[in-house]
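Reviewing the structure listed below.
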Amino acid sequence: MRIQRLPSQLINQIAAGEVVERPASVAKELMENALDAGARNLEVDVEQGGKRLIRIRDDGTGIHKGDLALALRRHTTSKISSLEDLEQVVSLGFRGEALPSIASISRLTISSRARDADQGWSVQAGGRDDVSDPIPVAQAVGTSVAVYDLFFNTPARRKFLRADATEFKHIDGLIRRIALSHFSVAIHLRHNQKTIHRLPVAEGVTQQEKRVAALCGTPFMAQALPVERAVSGLSLEGWIGLPTFSRSQSDLQFFFVNGRMVRDKLLSHAVRQAYADVLVHGRQPAFVLYLELDPTAVDVNVHPAKHEVRF
Ligand code: ADP
Ligand code: MG
């Protein structure tokens, strides 16, 4: 066999293999894009566990008509333009891969109106290479991305989807993590037209604690201590559950590094050690912690879905 260049559709589907594991991965990428666009209000609509539809509407900066098709191309991004930018990236996205990957395995529509535009525009893509020409749509400033029929053209992957309820649970978990790390953003999540969370903007400690209680349960908040420490360029804030509130599962453990939810061995080990003397073996602590440090001290370009970081 001679060497040949893969069709770009297939390249995108291969990339989707890393970035899109299930509907929740789509929700993650779309939410991160909305947050990067400075959204203050997010409307999330999910149908059939995200298999039928995931739609996120934001009131962020919007996308210019001329950029809509570009947003769906591979390696196109407005977030970085040099290695220097990459090394100190503060946006949640930067790879320019999410939208083309998702579009290669679903039917995707983006409608958007940029701040300075007097009109919204919409393009469609899905399962093929070409993006439709923009058509005018009624749209407030901001962006709405709808992803229908995930994996419709990749049956082998569709087979691995779980029941709607299970897939929705993953989306709900994702929305919780986003909500815990973006107090200044209002979030409304609906599943099959039913409201699951309606979280108003949480300014100030009292409202933040109210949001944490809504997401992690009132018992956690009632038995948590606030943390606020800053040493040598590192700042750690959040809430740690008292040892009496320990759990059998690690389901109430949230660690954010510079606003990004991460699963990091170093960090979980540090927390486990901190609790070592007060927790019975096998019990899991509950915590919501935010570590802030110089972005150049963290490498976020470790994993395509950015679940991991390197210090
Ligand atoms: P990345 O987020 O890594 O840049 P994506 O494929 O997720 O790559 O998105 C490509 C580009 O599309 C982004 O850089 C951004 O300019 C634009 N974009 C995507 N979603 C939104 C949104 N909700 N609001 C504004 N711009 C968006
Ligand atoms: Mg992105």
Side-chain angles (χ1 to χ4, degrees), residues 15 17-36 39 42 77 79-80 85-98 101 169-185 187 202 208 211-212 215-216 220 224 226-241 247 249-276 284-311:
E18 294 177 302
V19 183
V20 185
E21 193 188 333
R22 57 185 350 144
S25 339
V26 171
K28 174 177 190 285
E29 295 297 335
L30 301 186
M31 292 291 277
E32 292 189 346
N33 280 343
L35 293 167
D36 283 344
L42 295 175
T77 180
K79 298 171 192 175
I80 59 168
D85 294 346
L86 174 62
E87 284 172 345
Q88 52 194 349
V89 71
V90 287
S91 54
L92 294 165
F94 55 81
R95 301 172 60 100
E97 283 192 316
S101 302
K169 234 171 95 183
H170 286 277
I171 293 178
D172 185 46
L174 177 268
I175 300 293
R176 282 167 197 267
R177 297 196 290 274
I178 299 237
L180 283 173
S181 50
H182 293 84
F183 288 111
S184 55
V185 180
I187 301 177
Q208 291 183 358
R211 181 181 281 202
V212 176
L215 297 165
C216 301
F220 168 71
V227 179
E228 203 179 337
R229 270 295 163 94
V231 224
S232 55
L234 298 173
S235 124
L236 185 70
E237 286 185 25
W239 296 269
I240 50 174
R247 305 175 65 78
Q249 291 177 320
S250 58
D251 57 342
L252 279 182
Q253 303 187 343
F254 299 97
F255 213 115
F256 303 92
V257 176
N258 290 348
R260 194 187 289 281
M261 168 81 191
V262 294
R263 303 190 207 112
D264 183 87
K265 282 209 187 87
L266 192 72
L267 296 176
S268 19
H269 186 72
V271 176
R272 219 175 308 121
Q273 270 201 317
Y275 273 96
Q284 295 283 346
F287 55 85
V288 181
L289 286 169
Y290 307 88
L291 179 67
E292 299 284 329
L293 71 168
D294 179 354
T296 58
V298 198
D299 187 359
V300 293
N301 188 25
V302 179
H303 186 279
K306 308 185 205 75
H307 293 310
E308 294 163 29
V309 293
R310 223 177 265 137
F311 292 97

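Side-chain contact between F255 and V288 is absent, with no heavy-atom pair separated by less than 4.5 Å. In this structure, the side chains of N301 and R95 come closer than 4.5 Å at one or more pairs of heavy atoms. Side-chain contact check for D85 versus F94: every heavy-atom pair is 4.5 Å or farther apart.
Residues forming a side chain to side chain donor-acceptor pair (under 3.5 Å) with R22 (at least two apart in sequence, or on another chain): E167, H170.
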Item checked: Test side-chain contact (heavy atoms from CB on, under 4.5 Å) applied to L92 and R260, step by step -> CA-CA 7 Å; L92 294 165; R260 194 187 289 281; 4.3 Å; yes
Check: Checking side-chain contact (heavy atoms from CB on, under 4.5 Å) for the pair S181/F254: CA distance, chi angles, key distance, verdict?
Finding: CA-CA 9 Å; S181 50; F254 299 97; over 6 Å; no
Note to self: Could you walk me through whether V227 and E237 satisfy the side-chain contact (heavy atoms from CB on, under 4.5 Å) test, starting with their C-alpha distance in whole Å, then the side-chain angles of each, then the deciding distance to 0.1 Å, before giving a yes or no?
What the structure shows: CA-CA 5 Å; V227 179; E237 286 185 25; 5.9 Å; no
Next item on the list: Check the pair V185 / I187 against side-chain contact (heavy atoms from CB on, under 4.5 Å), numbers first and verdict last.
Entry: CA-CA 6 Å; V185 180; I187 301 177; 4.2 Å; yes
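In this structure, the side chain of N258 does not engage the main chain of V90 through any donor-acceptor pair within 3.5 Å. Within the 3.5 Å criterion, the main-chain N or O of R310 finds no donor-acceptor partner in the side chain of D299.
Judged purely by distance below 3.5 Å, without hydrogens or angles, the side chains of Q249 and Q284 never pair a donor atom with an acceptor atom.
To the nearest 0.5 Å, the span separating CD on E32 from NE2 on H182 amounts to 8.0 Å. Rounding to the nearest 0.5 angstrom, the gap separating the CG atom in L293 from the OG atom in S235 is 9.0 Å. To the nearest 0.5 angstrom, L236 atom CG is 6.0 Å from L291 atom CG. Remark: R247 CZ to D251 CG distance equals 4.0 Å, nearest 0.5 Å.
Contact detail for L42 and A34: the closest heavy-atom pair is CD2-CB, 3.4 Å. E97 and V19 get closest at one heavy-atom pair: OE1-CG2, 4.3 Å. For A224 against W239, the heavy-atom pair with the smallest separation is CB-CB, 4.1 Å. Smallest separation of non-hydrogen atoms from K79 and S91: CB-OG, 3.7 Å. Here the shortest heavy-atom pairing between Q253 and P285 reads NE2-O, 2.9 Å. Looking at every heavy atom in both residues, L252 comes nearest to F220 through CD1-CB, 4.5 Å.
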Please list, one pair per line, the donor and acceptor atoms closer than 3.5 Å that link side chains of residues 171-180 to other protein atoms, with sequence neighbours excluded.
{"residue": "D172", "atom": "OD1", "partner": "H197", "partner atom": "NE2", "Å": "2.7"}
{"residue": "D172", "atom": "OD2", "partner": "R176", "partner atom": "NE", "Å": "3.0"}
{"residue": "D172", "atom": "OD2", "partner": "R176", "partner atom": "NH2", "Å": "3.1"}
{"residue": "R176", "atom": "NH1", "partner": "L215", "partner atom": "O", "Å": "2.4"}

Which side-chain N or O atoms in residues 262-274 pair as donor and acceptor under 3.5 Å with protein atoms at least two apart or in another chain?
{"residue": "D264", "atom": "OD2", "partner": "L266", "partner atom": "N", "Å": "2.9"}
{"residue": "D264", "atom": "OD2", "partner": "L267", "partner atom": "N", "Å": "2.9"}
{"residue": "S268", "atom": "OG", "partner": "D264", "partner atom": "O", "Å": "2.7"}

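Taking the six-membered ring for Trp and thresholds of 30 and 60 degrees, F256 and Y290 have nearly parallel ring planes, at less than 30 degrees apart.
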